[in-house]
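Below is one structure; the comments refer to it alone.
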Amino acid sequence: KAGVTQTPRYLIKTRGQQVTLSCSPISGHRSVSWYQQTPGQGLQFLFEYFSETQRNKGNFPGRFSGRQFSNSRSEMNVSTLELGDSALYLCASSGSSSGGNTIYFGEGSWLTVV
Amino acid sequence: EDQVTQSPEALRLQEGESSSLNCSYTVSGLRGLFWYRQDPGKGPEFLFTLYSAGEEKEKERLKATLTKKESFLHITAPKPEDSATYLCAVQVAAGNKLTFGGGTRVLVKP
């Protein structure tokens, strides 16, 4: 059974550009969450989607957005990139709508903003 | 506000030297407490989920326990391959949002 797949694995962008990251959850999972991991702040929750609807959102500026498609695949977008957006972006999927199930992470997308 | 604190921040062990990692939490209504292992450059690998005080789970050399205020991850007779960062996280509200602690970096020397 394939795990959570994130693409691309590595990317370098310039300040002011935008970036789109993709996540394919485990087959059958309908909940997808996104996290940002940095050395200084650790793992921080960005947002969660379930059945194409955003139902939880973290404390990040509006430059960070996401969406989920009918096949449960998800994308997150960061516009007007800043140097501080350099981080590992992680996607997680779960087969449960809320609790009582395991939450699995992908290997992440490493974003470097120069 | 939900808070999760892990201690110590770093732990150096000799191979075979058992130890425990602590995860203390202050939340309003715990739905689940998760433990993950993360190797450098990789995503977190799921270890355990605990749901109620008194619950214990084991996997190889790892054992996780839960009380009403904290969780412990016991590493028994660790090997160098147990070197990693161990993360704990809590799930409180409806949905699958996790709030993470800062992690404990474990180094096991042969």
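Per chain, numbering begins at 1; letters A, B, ... match sequence-line order.
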Is there a donor in the side chain of [X] and an acceptor in the side chain of [Y], or the other way round, less than 3.5 Å apart?
{"X": "A/Gln37", "Y": "B/Gln38", "answer": "yes"}
{"X": "A/Glu48", "Y": "A/Ser31", "answer": "yes"}
{"X": "A/Ser94", "Y": "A/His29", "answer": "no"}

Non-hydrogen atoms of chain B under 4.5 Å away: do they reach the side chain of A/Leu43, the backbone, both or neither?
-> both
Under 4.5 Å heavy-atom distance to chain B, tell me which part of A/Leu88 shows up: side chain, backbone, both or neither.
->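 Side chain only.
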Is the backbone of B/Lys69 close enough, under 3.5 Å, to the side chain of B/Thr67 for a donor and an acceptor to pair up by distance?
->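 Yes: the side chain of B/Thr67 pairs with the backbone of B/Lys69.
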Donor-acceptor under 3.5 Å (B/Gln6 side chain, B/Leu21 main chain) = no
Identified side chain to side chain contact (heavy atoms under 4.5 Å, CB included) counterpart of A/Ile26 within the set A/Val32, A/Thr102, A/Val4 |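 Among the candidates, only A/Val4 passes.
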Between B/Gly41, B/Pro44, B/Ala89, which shows the greatest number of heavy-atom pairs under 4.5 Å with chain A?
->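 Of the options given, most contacts go to B/Pro44.
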Just wondering, more than 12 heavy atoms not from B/Lys42 lying within 6.0 Å of its NZ?
-> no
Any B/Thr65 side-chain heavy atom under 4.5 Å of B/His74 side chain = yes
Any side-chain heavy-atom pair of A/Tyr35 and A/Phe47 under 4.5 Å | no
Check whether B/Glu45 gets within reach of chain A through its side chain, its backbone, both or neither, counting any heavy atom under 4.5 Å.
-> neither
Neighbours of chain B found in residues 77-85 of chain A - heavy atoms under 4.5 Å | none
Write out, in numerical order, the residues from residues 105-114 of chain A with a heavy atom short of 4.5 Å from a heavy atom in chain B.
-> A/Phe105, A/Gly106, A/Glu107, A/Trp110
Work out which heavy atom in A/Pro25 is nearest to a heavy atom in A/Cys23; give both atom names and the distance.
->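 Looks like CD-O, 3.7 Å.
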Should the pair B/Phe34 and B/Tyr36 be assigned to parallel (<30°), tilted (30 to 60°) or perpendicular (>60°) ring geometry?
-> parallel
